[in-house]
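Here the structure is a predicted model, which is why all the values come from computation and not from measurement. Note: hydrogens, waters and symmetry copies are ignored here, and every other heavy atom, side chains too, is used.
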Amino acid sequence: QELPEMVLLKFFRSENTPVPARPTPEQLSNLIKTSLHYPESFSHSFHQKSLCLVPVTLLLSNCSQAVVDVMIDLRHKTTSSEALEIHGSFTWLGQTQYKLQLKSQEVYSLQLKACFVHTGVYNLGTPRVFAKLADQVTLFETSQQNSMPALIIINNI
């Protein structure tokens, strides 16, 4: 009885088939673009009311073609004493963490309230935004690039 002849198998793929590349850390840190919209200065009578509430809009833009899971953390505080001396401290009112999902190229508007107890110049650029591709099974999201400081002037009437 004769053994069948062994044939070497060749595997090949056409050159135009794209191989899904794993996104680089830099790409992952640029999935979501954020911008804060708020008045440049805000006048408030601290004599009549001790708390000054300013509406702030956090705009989140999904810059990718994929669905992205986003986590926003407002609990982050500026810890450097230099920044506190210049800008002072303020509090975000209401919910301190948000989890949402943005579709490809979707823009989402989140309404926030900043609370101030005295006049001064403050940096509203404290929200930390984390994101990951929705179809990726990772335990942590990548921190998104933070924009420039977002300064607001609080005046007393």
*Is the number of heavy atoms from other residues, nucleotides or ligands under 6.0 Å of E40 CD greater than 12?*
no

*For the residue pair H118 and Y122, what are the closest heavy atoms and their distance?*
O-OH, 2.6 Å

*Hey, does the side chain of N123 reach the backbone of A150 with a donor-acceptor pair shorter than 3.5 angstrom?*
yes

*asked:* Once rounded to the nearest 0.5 Å, what's the spacing between atom CE of M71 and atom CZ of R128?
replied: 7.5 Å

*asked:* I'd like to know whether W92 forms a side-chain contact (heavy atoms from CB on, under 4.5 Å) with T126, so could you lay out the CA-CA distance, the side-chain angles of the two residues, the decisive distance to 0.1 Å, and finally the verdict.
replied: CA-CA 10 Å; W92 291 107; T126 61; 3.0 Å; yes

_Cluster check F116, F42: I/L/V/M/F/W/Y, side chain < 4.5 angstrom_ = yes

*CG/L36 to CG/L110 distance, rounded to the nearest 0.5 angstrom?*
10.0 Å

_Nearest heavy atoms of L31 and Q144, plus distance in Å_ = N-OE1, 2.9 Å

*To the nearest 0.5 Å, what is the distance between OG (S41) and CG (L151)?*
12.0 Å

*State the NZ-CD distance between K132 and Q101, to the nearest 0.5 angstrom.*
8.5 Å

_Non-hydrogen atoms of A131 and I32 that approach each other most closely_ = CB-CG1, 3.7 Å

*What pair of heavy atoms forms the shortest contact from R75 to T96, and how long is it?*
CG-CB, 3.5 Å

*Return the minimal non-hydrogen interatomic distance between F130 and S143, and the atom names on each side.*
CD2-CA, 3.6 Å

*Contacts of type side chain to side chain donor-acceptor pair (under 3.5 Å), residue H37, not counting sequence neighbours*: S35

*Residues in side chain to side chain contact (heavy atoms under 4.5 Å, CB included) contact with T119, at least two apart in sequence or another chain*: F46, N156

*Using links of under 4.5 Å between side-chain heavy atoms of ILVMFWY residues, direct or through other members, which residues join V67 in one cluster?*
none

_When you compare the side chain of Y38 with that of L112, does any pair of heavy atoms fall below 4.5 Å?_
no

*What residues form a side chain to side chain donor-acceptor pair (under 3.5 Å) with E106, not counting sequence neighbours?*
none

*Do the non-hydrogen side-chain atoms of Y108 and V70 ever get within less than 4.5 Å of each other?*
no

_Would you say that L100 contacts I72 through its side chain, given a criterion of any heavy-atom pair below 4.5 Å between the two side chains?_
yes

_Members besides I157 in its Ile/Leu/Val/Met/Phe/Trp/Tyr cluster (side-chain heavy atoms under 4.5 Å)_ = none

Quiz: residues 48-65 side-chain donor-acceptor pairs under 3.5 angstrom, not counting sequence neighbours:
from	atom 1	to	atom 2	distance (Å)
T57	OG1	Q111	OE1	3.1
N62	OD1	S64	N	2.9
N62	OD1	S64	OG	2.8
N62	ND2	A66	O	2.9
N62	ND2	L102	O	3.2
N62	ND2	K103	O	2.9
S64	OG	A66	N	3.2
S64	OG	A66	O	3.2

